[in-house]
Amino acid sequence: MTNVAIMFRRHRSPLLRYLRLLSSSSASPPQTSSSATAAKKKLRDERDAVKSLSLLSSISDSDSPAAAGRYAVELVVKRLAKSRNFSEIENLIESRKKEPMITQEPYVVSIITAYGYAGMIDHAIRTFDEMDKHGAPRTVLSFNALLTACNHTGNHGRVPELFSEISQKHGIVPDKISYGILIKSLCQSRSMEKVYSLLKEMEEKDVEITPVTYTTLLDTLYKDQKAADAERLWKEMESKGCSPDVAAYNVRIMYNAVHSKPESVIKLIDDMVSAGLKPDTISYNYLITCYCKNGQHEEAKKVYRSLREKGCYPNAATFRNFMYLLCKNKDFDAGREVCMEGIKKNKLPDFGPLKMLMEGLVKNSKVEEAKQLIRLVRKKFPESFLSRWKNVEERLGLEIEDELPQAEAA
DNA sequence: ATAGGGTTAG
């Protein structure tokens with residue numbers, strides 16, 4: 001338990017925390033640690049929700065249930081929610097309330113957050129209400145977690161009401177993060193008038209508008225095509241001494257990638273570097289997309305190939321989007337390369353784009369390449385995908401007779 | 001570390 005607590009404190013990223021848990025065996029007795037570690041590794045690649053759950057149980061049973069780790073639990077909860085298996089989610093999360101750590105607020109926060117991921121807002125609220133019973137202190141931390149769960153579950157309409165009710169009832173003083181969550185909820189409700197009066201109220205109460213809050217606002221304005229308002233807000237942010245960070249820049253890049261030319265995106269990326277910021281994979285994904293939308297696919301390829309030397313790693317969106325855009329440009333060779341690189345890293349493309357790629361390869365008489373890709377697909381994709389995929393192979397006449405090397409010659 | 005940016009489908 002202490003090991004887990006220390007790991008939580010030391011690692012900010014949930015993924016890092018989880019990886020740390022994977023590599024750590026000190027939390028469990030030597031005999032079970034290797035099998036538990038193997039189970040955790042399997043958990044990452046398992047796509048079936050119910051199988052994930054039993055993998056998680058096998059981790060938990062081998063030592064204390066708390067050792068399963070927050071990231072692992074959230075991963076499984078998200079999968080169960082996707083397959084609408086809410087009773088299993090309830091079992092899983094409620095069993096975690098029996099842990100001694102339930103008296104610690106951050107642990108309760110993790111439970112409220114998990115119910116938020118599952119879309120189970122009533123369970124999240126009940127967990128918050130039960131905190132006295134569990135002997136956990138109730139501060140702005142769990143207050144914020146509950147409001148966030150509302151935003152994540154489509155209950156943003158309830159946030160303004162809960163904000164005032166709960167803070168009064170429990171004597172919680174909302175902080176700058178609470179206000180950021182409230183603003184997010186108003187943005188989701190598109191209540192921009194209320195946003196502006198709230199910003200005024202924050203100024204009067206001397207509550208800081210953080211870069212995160214500004215980013216929420218910028219994102220909403222750009223998505224509503226109010227670019228002029230967004231630019232004004234950007235200047236206001238800078239004039240108030242609030243320096244935009246990578247996420248704030250990416251919101252601007254996102255808009256410019258769609259509505260402007262690659263030069264504007266390049267300019268923003270240069271601005272980021274001048275400001276001492278490091279553009280990330282999201283920034284470059286937009287640059288790639290922008291180049292492709294403007295017919296400059298060769299430039300896009302250069303960006304894709306130079307990602308690693310820029311210290312960025314392509315993510316699932318990189319592979320998926322670029323593959324799609326290349327295929328749309330009928331560059332099926334490049335599309336195939338990007339696709340295969342992604343699959344090898346377990347970043348699997350969607351059904352539609354993969355079908356488009358395969359059809360393009362066959363149409364261009366790249367049958368051997370198509371078959372090579374199919375072998376990789378069969379190795380990496382889950383059974384549910386492959387049963388659907390079989391039709392595509394058949395329709396394209398790409399049945400592969402076991403492992404005969406010279407299928408093409410015939 | 002409880003908030004923001006991608007992640008849709010095509």
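Residue numbers begin at 1 in each chain, while the letters A, B, ... track the order of the sequences.
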Closest to the side chain of A:Asn315, out of B:dT2, B:dG6, B:dT8, is B:dG6

Members of residues 153-174 of chain A that approach DNA chain B, where some heavy atom sits under 4.0 Å away
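Here the set is empty: none.
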
Centroid separation A:Phe128 to A:Phe143 less than 6.0 Å:
no

Round to the nearest Å and state the distance from [X] atom [atom1] to [N] atom [atom2].
| X | N | atom1 | atom2 | result |
| --- | --- | --- | --- | --- |
| A:Tyr179 | B:dA3 | OH | C1' | 15 Å |
| A:Arg320 | B:dT7 | CZ | P | 7 Å |
| A:Leu217 | B:dA3 | CG | P | 17 Å |

If you draw a 6.0 Å radius around NZ in A:Lys261, do more than 12 non-hydrogen atoms from other residues or ligands fall strictly inside?
no

Under 3.5 Å, is there a donor-acceptor pair between the A:His123 and A:Glu94 side chains?
no

Is it the case that the base of B:dG6 and the side chain of A:Asn321 share a donor-acceptor contact (distance under 3.5 Å, atom types as modelled)?
no

Any donor-acceptor N/O pair under 3.5 Å between B:dG4 base and A:Thr216 side chain:
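By the distance-only test, no, there is no pair.
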
Applying a 4.0 Å non-hydrogen cut-off, can you work out what [X] is touching in the nucleic acid: base, sugar-phosphate, or nothing?
| X | value |
| --- | --- |
| A:Arg252 | nothing |
| A:Pro106 | nothing |
| A:Ala316 | nothing |

Show me the donor-acceptor pairs, under 3.5 Å and distance only, between side chains in residues 321-328 of chain A and residues at least two apart or in other chains.
unit_1, atom_1, unit_2, atom_2, d
A:Asn321, ND2, A:Ala317, O, 3.2

Rounded to the nearest 0.5 Å, what's the gap from CD on A:Glu263 to SG on A:Cys290? Could you check?
8.0 Å

Whichever of A:Ala317 and A:Lys293 has its nearest DNA chain B nucleotide further upstream toward 5':
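Counting from the 5' end, the first nearest nucleotide belongs to A:Ala317.
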
Who pairs with A:Tyr291 by ring-ring contact (aromatic ring centres under 6.0 Å, His included), at least two apart in sequence or on another chain?
none

